[in-house]
Amino acid sequence: MPGHWFERLFKHRGIIWLLFVVNLLGTVYGYMWYGNQLEFTAENYPFWLLPFVPDSPTASLFFTAALLLLLYPPKGLKGTLVRQLIEALAVVTSVKYGIWAVSMIVAGGYQGDTISWKDWMLMVSHTGMAVEALIYARFFSFRRMLPLALLWSFANDMVDYSEGVYPWLPSVLDDDVNIVQYFTIGLTLFSTAAAWLFGGRTSRTLIPGKSSLRR
């Protein structure tokens, strides 16, 4: 089968562990990156808004958890439902904010903002977020939880732009917040559709368990 090598590669325990470590480190770095905005939000906004500030690191956290649950699948109905919810959130938010971050940097550069090496690093890492989420969507079984992931994403959009806690934009985009808001909502729909299309193409029985993943 043409895709056999592809599945063997990305279901290999070594590859999954490597991606787990990379995403875990990226998640920690992402929360550190949002440190100033989190501090500003804590000082000027209600405390309950803090979880809605670091969008990309939270998406990366969902995906990191999904990889761990792929390595060690939980047992029982409750564990299965929790795993499926995390997988749905991981794919939808990783695709969404992976594309969002790259788009904001490119849009800022188009309007005259300076694109530094850090911006290029962010574009590469966020592109990777979206790509890896779509790759592993085929190994997840989360479709029943997509409505909840969609609701969470819409709720996040509503809070971000009604309360003003959306990720800080390049200054040249300060007068384009309404456009950014509509774009973000559109990405919520797009990423959910992408998750549906890419997810569940292989049955769960093909997902190797702890004992059968290649070592």
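Everything quoted here is computed from the prediction, not taken from an experiment.
When each of Tyr166, Trp152, Phe47, Tyr161 is tested with Phe52 by the rule ring pair (Phe, Tyr, Trp, His ring centres under 6.0 Å), just one qualifies, namely Trp152.
Nearest heavy-atom pair, Ala88 versus Leu146, reported as atom, atom and distance to 0.1 Å: CB-N, 4.2 Å. Here the shortest heavy-atom pairing between Leu81 and Met145 reads O-CE, 3.5 Å. Shortest non-hydrogen contact noted between Val95 and Phe190 is CG1-CE2, 4.4 Å. Residues Ile86 and Ala66 approach most closely at CG2-N, 3.9 Å, considering heavy atoms. The minimum heavy-atom distance linking Thr188 with Ser191 is given by the pair O-OG, 3.1 Å. Closest approach of Gln37 and Pro167 over heavy atoms only: OE1-CA, 3.7 Å.
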Handout entry: Derivation and outcome, side chain to side chain contact (heavy atoms under 4.5 Å, CB included), residues Thr27 and Tyr31
Key = CA-CA 6 Å; Thr27 299; Tyr31 282 114; 3.5 Å; yes

Handout entry: Residues Leu67, Leu71; criterion side chain to side chain contact (heavy atoms under 4.5 Å, CB included); working and verdict
Key = CA-CA 6 Å; Leu67 289 177; Leu71 287 164; 5.6 Å; no

Exercise for the section: List the steps, then state whether side chain to side chain contact (heavy atoms under 4.5 Å, CB included) holds for Asp55 with Lys96. Expected result: CA-CA 10 Å; Asp55 293 331; Lys96 174 182 177 180; over 6 Å; no

Practice task
Starting from the C-alpha separation in whole Å, work towards a yes-or-no answer on side chain to side chain contact (heavy atoms under 4.5 Å, CB included) for Val124 and Met121.
Solution key: CA-CA 5 Å; Val124 170; Met121 177 195 68; 5.9 Å; no

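By the salt bridge (charged side-chain N to carboxylate O under 4.0 Å, His left out) test, Asp119 is found to be paired with no residue, residues two or more places apart in sequence or in another chain being considered.
Rounding to the nearest 0.5 Å places CZ of Phe142 at 9.5 Å from CH2 of Trp196. Atom CG in Asp160 sits 4.5 Å away from atom CG in Asn156 (nearest 0.5 Å). Note that the CD atom of Glu132 and the CZ atom of Phe63 stand 4.0 Å from one another [nearest 0.5 Å]. For the atom pair CG of Leu169 and CD1 of Ile105, the computed distance is 11.0 Å after rounding to the nearest 0.5 Å. To the nearest 0.5 Å, atom CG of residue Asn23 and atom CG of residue Leu68 are 12.0 Å apart.
Remark: side-chain polar atoms of Gln84 are not paired, donor with acceptor, to backbone N or O of Arg144 under 3.5 angstrom. With hydrogens and angles disregarded, no donor-acceptor distance shorter than 3.5 Å links the side chain of Arg138 to the backbone of Phe198. The backbone N or O of Ser56 sits nowhere less than 3.5 Å from a side-chain atom of Ser60 that would complete a donor-acceptor pair. One N or O on the side chain of Arg143 and one on the backbone of Gly199 form a donor-acceptor pair closer than 3.5 Å.
Counting only heavy atoms from C-beta outward, the side chains of Tyr136 and Glu87 never approach each other to under 4.5 Å.
Taking the centre and axis of the six-membered ring of Tyr72, the NZ or CZ atom of Arg13 falls inside the cone set by 45° and 6.0 Å.
Under a cut-off of 6.0 angstrom, the local environment of CZ in Phe10 is crowded, with over 12 non-hydrogen atoms contributed by other residues, nucleotides or ligands. Counted within 6.0 Å of CH2 on Trp120, heavy atoms from surrounding residues, nucleotides or ligands total 12 or fewer; the atom is thus considered open.
Among residue pairs with one or both ends in residues 103-114, those qualifying as side chain to side chain donor-acceptor pair (under 3.5 Å) are Gln111-Asp176; sequence neighbours excluded.
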